[in-house]
Structure formats: structure tokens, C-alpha cells
Amino acid sequence: MAGDDGLPSLGRVKITDLIPSEGLPSDSYKLSVSTLSQSFAQYSAAVIQFPAGDGALLRSGLDSACLYFQQREAYPSADMIHTNDSREWCKTSGYYADPQLWQETYDYRPGLTPIEPSNAMELPPGGLPDIFGLLGKAARGILDAMSYYLNLRSSPFTEILDNVPLRSREVSSSVLSVCCHARPSFHGAQHHNLTTQDDGQLMMFHDHDHQVDKSLISVVKSDKAGLHVRDFHGRWFLVDGDLGPQEAVVYPGLALYQATAGYVNPALHRTEINNIPGNMYGRCSLVFKLMPKSMTSLSCSEMRAAGHGVEAQFQIPVPVDDFMQRSHPTDQLFNRNTFQSFSFPTAQDEVVNSRSLDQ
């Protein structure tokens, strides 16, 4: 949003304020939805605040992740080297490494038990089931908040989401990825490029530095700053530079872009690595991705039902599995150059409007 009506910085909302209740929405709910949706529109990201107890859980998870990766081998075996194979998008589980990105990952996916190549059970980082539940609930709340903003019916994406809880023998489509960037003892390809920021500071990123998640919603908590997102004006900015212990970054992905007919743009992001090599652990992150189920389709029928215009490219439902395996050029994604109104009437305004109608 240009100029005076936009947010001066990344929007911050309390996750407890995004919990809907029966009846009319509270002013705090409407204000939080307004802040979240406007922050997504301007910055393609927002900051969510958890209660203090949840912040302690996230901190504990990050500490466990650092220790987990530190004890890994410097040279992973060949069967642990994975590139971004889109065909396996809903099957990843356990440890794997991508030397090209100088990144190691442990995927926690409920319903799948990771097995080491030696057929031994792998001991994962601690606390992952609790963290998966915490971030998954937050991601669904954010998705419902965006549905309210778009004037869709309640929980319009239920049919494409996993059951809560999972039923017998079901495997989660959503995933909690525990990531480590640039661990000094991990011998990755270490291909970087230098970028000059607006303030003249040199920043180091991977050669493959522009990424877009194919999720509906992604929630990220890291132990060090370094996540950059491109805003509406095409400028890169640091989104996690001043996060508190109970705060995390949230941003929309490609699946939400498709399901909302392009009304919610996905975040284009990259990770800074120039301040990491001097640290013995690298940069550890907890990344939850709320994903649609593979056997469903992304359809814009809810958007049409709410009266939104749906362009030709979004008219035909897309099978989720096909969508996940398809490449998506980022220069074709950001096609909406206008913002909608983000103001919701307060309770006082509604009383005034009601009285006007009675007269």
C-alpha cells in the first residue's frame, strides 16, 4: 500500500487475539485480522506472538536442534543427500542434507517413522510433537483469519487440510522441518553471492537464494536473525531481526495464492549466511508448513461464492499433487497491484449504523 495508509513496519499480532468466538467478532479480533492481512499485503509476512510458556517450548526446541545437528557427520552419506525433488513433497521424513544450499534438515511428519540407512531408528531433536501441534494450530488460526478478511465462510479450507487429529494410518501432509544453515563442520558446496543492501551493507546469500514455499501458511522461528523477505515494492528486508523469545515469523505460500485466486501473494524469501560461519552451530530454525492434502484439489469456488473476481488462470481446479510437482516462475506470481480496504467497523461504529437504520 502506498504511503500514508500503510503499516510503518511489519505487523505484529498476538495469536490469542486470532482465536474466533461464537457471535459477533470482537474489536481485538478485527484489529488483529486487519493488521495481519495488511502486513501480508505490504510485506508478504507478519510476526505472531505466542504466550510465554509457548516461547519456552520454542527455545527448548531450537536448543535441541543445535545439539542434534552438531553431532551429525561432516560428510553425510550419499543416500542422505537430497535436492528439491518435488515428487517426494509429502513423503520426506528424518534427516537429509542439501550441500548446494549448505543446509541440513530433519523433517518431522506425523504418521511416518524415519529410518536411518542402517535400518536403525533415528533419535530426533526433542519436543517435535508438541512444537508441531503448537505451530500447526497457529497456522490454522492464521488461515481462518485470512478467510475472515476475504469474507469467506468459516473454515473454508477444511476439505483440503489434514484431519485433526489424524485418523488411523494417515500420514500428515503438513510438516515441521528442523533446519540448520551453514554449520561450519558440515562440508556443503558453500556457493554464495554478495548483495548490497539499501544501507550499503554487504550481505551474503546462497546462489540459489530466492525461494517460495508451496504451503498454505509457513511459520518460522530461528535462533539467529537472517530471514529476508521481498516486500510489495520489490525491496528485500530482514523480518526476524528484532524478534522476542515468544515471537515467530509467518508468511503465505503458493498454495494459498492459488486457492485465493491470487488475492494473497506468496512470500519470496532468502536466508542470510554471512554472519554464521563464526558460530559453531550455524543458524537453526523451526519451520512449520501447513500443506494441503495430496489427493485434493485447489479450487477458487469459495472465492467466487464470496463475490470475488477469479481470473482465467485460476478458473480450473488444480490437483494438489500436480501443483506441488509443477514449477512456478516467481515473475508471474505478483500480479495484483492494488490493495483492498483493511478497515473493519468497531463495535461502536456498528451501534451507530444500527441506530441509523432504525430511524
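Just so you know, residue 1 is the first one in the sequence shown, and it goes up from there. Values in this document were obtained by computation on a predicted structure and should not be read as measured data.
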Are [X] and [Y] packed together at the side-chain level, in the sense that at least one heavy-atom pair is separated by less than 4.5 angstrom?
| X | Y | value |
| --- | --- | --- |
| M303 | L152 | yes |
| R59 | P245 | no |
| Y251 | S218 | yes |
| I160 | K293 | no |
| F288 | L134 | no |
| S215 | L290 | no |
| L7 | Y43 | yes |
| L123 | Y68 | no |

Go through it in stages, so that I can follow the logic: the residues are I15 and D54, the test is side chain to side chain contact (heavy atoms under 4.5 Å, CB included), and I'd like the CA-CA distance, side-chain angles, deciding distance and then a yes or no.
CA-CA 11 Å; I15 196 65; D54 295 336; 5.7 Å; no

Once rounded to the nearest 0.5 Å, what's the spacing between atom [atom1] of [X] and atom [atom2] of [Y]?
| X | Y | atom1 | atom2 | answer |
| --- | --- | --- | --- | --- |
| L143 | L18 | CG | CG | 11.5 Å |
| L286 | L176 | CG | CG | 6.0 Å |
| Y263 | S37 | OH | OG | 14.5 Å |
| D63 | C284 | CG | SG | 9.5 Å |
| L161 | S155 | CG | OG | 9.0 Å |
| H181 | T271 | NE2 | OG1 | 4.0 Å |

My understanding is that a hydrophobic cluster links ILVMFWY residues whose side chain heavy atoms are under 4.5 Å apart, including indirect links. Using that, what else belongs to the cluster containing I316?
none

With a cutoff of under 4.5 Å between side-chain heavy atoms, which Ile, Leu, Val, Met, Phe, Trp and Tyr residues group with V171?
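Reading the cluster by chain and number, V171 sits alongside L112.
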
[X] side-chain N/O to [Y] backbone N/O, donor-acceptor pair under 3.5 Å:
| X | Y | value |
| --- | --- | --- |
| S44 | D231 | no |
| R109 | T92 | yes |
| R183 | G282 | no |
| Q103 | D98 | no |
| K214 | R326 | yes |
| S39 | T35 | no |
| K224 | R283 | no |
| D213 | P252 | no |
| T105 | D107 | no |
| D240 | L227 | yes |

I'd like to know whether the aromatic ring centres of F314 and Y257 sit less than 6.0 Å apart in this structure.
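Close enough - the centres of the two rings lie under 6.0 Å apart.
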
side-chain hydrogen bond (donor to acceptor under 3.5 Å, both in side chains) between S26 and S28: does it pass, once the steps are laid out?
CA-CA 5 Å; S26 65; S28 62; 3.0 Å; yes

Can you sort out the partners of P317 under side chain to side chain contact (heavy atoms under 4.5 Å, CB included), two or more places apart, ordered by chain and number?
S297, S299

Check: [X]/[Y] side-chain N/O donor and acceptor closer than 3.5 Å:
| X | Y | answer |
| --- | --- | --- |
| H308 | N151 | no |
| Q315 | R304 | yes |
| Q211 | H269 | no |

Taking all atoms of both residues into account, what is the closest heavy-atom pair of [X] and [Y], and its distance?
| X | Y | value |
| --- | --- | --- |
| I217 | F40 | CD1-CE2, 4.3 Å |
| F69 | C179 | CE1-C, 3.9 Å |
| P292 | S173 | O-CB, 3.5 Å |
| W236 | H228 | CZ3-O, 3.6 Å |
| K221 | G244 | NZ-O, 2.9 Å |
| A46 | L10 | CA-CG, 4.0 Å |

Do F323 and V175 sit in the same hydrophobic cluster, where Ile, Leu, Val, Met, Phe, Trp and Tyr count as joined when their side-chain heavy atoms come under 4.5 Å apart?
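The answer is no; the residues belong to distinct hydrophobic clusters.
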
Taking only residues at least two apart or on different chains, which pairs with a member in [range] satisfy salt bridge (charged side-chain N to carboxylate O under 4.0 Å, His left out)?
| range | value |
| --- | --- |
| residues 38-51 | none |
| residues 12-23 | R12-D242, R12-E247 |
| residues 140-157 | R153-E302 |

Go through V212 and H328 one step at a time and tell me if the side chain to side chain contact (heavy atoms under 4.5 Å, CB included) criterion holds.
CA-CA 9 Å; V212 181; H328 301 270; over 6 Å; no

Would you please classify the geometry between the Y29 ring and the Y148 ring as parallel, tilted or perpendicular, with 30° and 60° separating the classes?
perpendicular

Would Y108 and I131 count as a side chain to side chain contact (heavy atoms under 4.5 Å, CB included) if you check the C-alpha gap in whole Å, the side-chain angles of each, and the deciding distance to 0.1 Å?
CA-CA 10 Å; Y108 172 71; I131 296 171; over 6 Å; no

Let's go through V264 and L150 carefully: what are the C-alpha distance in whole Å and the side-chain angles of both, what is the deciding distance for side chain to side chain contact (heavy atoms under 4.5 Å, CB included) to 0.1 Å, and is it a yes or a no?
CA-CA 10 Å; V264 180; L150 291 168; 4.2 Å; yes

Counting only heavy atoms not in E170, do more than 12 sit closer than 6.0 Å to its CD atom?
yes

